Amino acid sequence: MTDVEKQVFEQLRACRVVPVVKLPNAGCAEGLGRALLSAGLPCIEVTFRSAAAEGAIRELVRLPGLLVGAGTIRSVEQARAAQKAGARFLVSPGLREDVVKYALAEGLPIAPGVCTPSEVERALDLGLTVLKFFPAEQFGGVGTLKAFSAVYPDVPFMPTGGINADNLSRYLALDNVLCCGGSWLAETALLSEGRFDEIERRARHAAGIVASGIASAGVATSAGSKSGSIGSSRSAG
Ligand code: 3PG
């Protein structure tokens, strides 16, 4: 793992929850970013599911302290566009070799989606260190992650898909969960209506769930400790 990958994944692990957002327009990016920062959730995955993605990333990266990544990356073209806009990490729904190879060659941290052991092993063969588990709830959720942890104890996952305030703590309690992604925090409809207060309320609630998990489980936040610690290594370049 390169230093950049390590730094970005450690930041995601410190956040523990990543708002996955489809922005209706780039104009709402600043309000969204400020709401997340005020709530104590300083990261975001801007999905390439709307034409606003690139412009929104450009706006969001101007906010100090906010870690901005790009999601739903399904082509090298999108990966390049996200990188150019300033995204610091990429997330994909599935495992595309061309996208993964591009990101690794560029030193851009990427977490592609997997949901079976064969896909996990293919991803590890490609040199990946952190994997998105998607769609988490539909593919066995916490039970599947527990089974993965028995055979792949060195692989941290970002489960996404069907995660919300009700089941978040069950995922965060697992040692092989780096962080959870979810769209419930900043739904597109809330953004269209300019309801940044509601987004901040949801993000604050999620940050509270993270904090109570840390308090009750004694989860350490330093590198190499519990909760999705990044154990495997790959040399730079
Ligand atoms: C993703 O792109 O990661 C998912 O669509 C998010 O899943 P959710 O909408 O169920 O949170």
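Values in this document were obtained by computation on a predicted structure and should not be read as measured data. Counting starts at 1 for both ligands and their atoms, in listed order.
In this structure, N176 contributes its side chain and L145 its backbone to a donor-acceptor pair below 3.5 Å.
The closest approach between any non-hydrogen atom of G71 and ligand 1 is not below 4.0 Å. Contact analysis leaves G181 out of contact with ligand 1, as no non-hydrogen atom separation drops below 4.0 angstrom. The closest approach between E137 and ligand 1 stays at or above 4.0 Å for every heavy atom of the residue.
Between the choices E45, K132, R49, the shortest heavy-atom distance to atom 2 (O) of ligand 1 belongs to R49.
Atoms of ligand 1 lying under 4.0 Å from any heavy atom of G161, numbered from 1 in the order shown and given with element: 7 (O), 10 (O). Near G182, with a cut-off below 4.0 Å to any heavy atom, the atoms of ligand 1 are 11 (O). Every atom of ligand 1 with a heavy atom of F134 under 4.0 Å away is listed here by number and element: 1 (C), 4 (C), 5 (O). Residue G162 has at least one heavy-atom neighbour below 4.0 Å for each of these atoms of ligand 1: 8 (P), 10 (O).
Of all heavy-atom pairs between A35 and E200, the closest is O-CG, 3.6 Å.
A salt bridge between R201 and E198 is present, with a side-chain N of the basic residue lying under 4.0 Å from a carboxylate O of the acidic one. Salt-bridge check for E10 with R13: passed, with a basic side-chain N closer than 4.0 Å to an acidic carboxylate O.
F134 is not connected to L131 by any chain of hydrophobic side-chain contacts under 4.5 Å among Ile, Leu, Val, Met, Phe, Trp and Tyr, and they are in different clusters.
At the top of the distance list for atom 6 (C) of ligand 1, counting protein heavy atoms only, stands T160 CG2, 3.5 Å. Looking only at protein heavy atoms, the nearest one to atom 11 (O) of ligand 1 is S183 N, 2.9 Å.
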Test side-chain contact (heavy atoms from CB on, under 4.5 Å) on V120 and F133 and set out the steps.
CA-CA 9 Å; V120 171; F133 172 44; over 6 Å; no
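Donor-acceptor pairing under 3.5 Å is lacking for the side chains of E77 and Y102.
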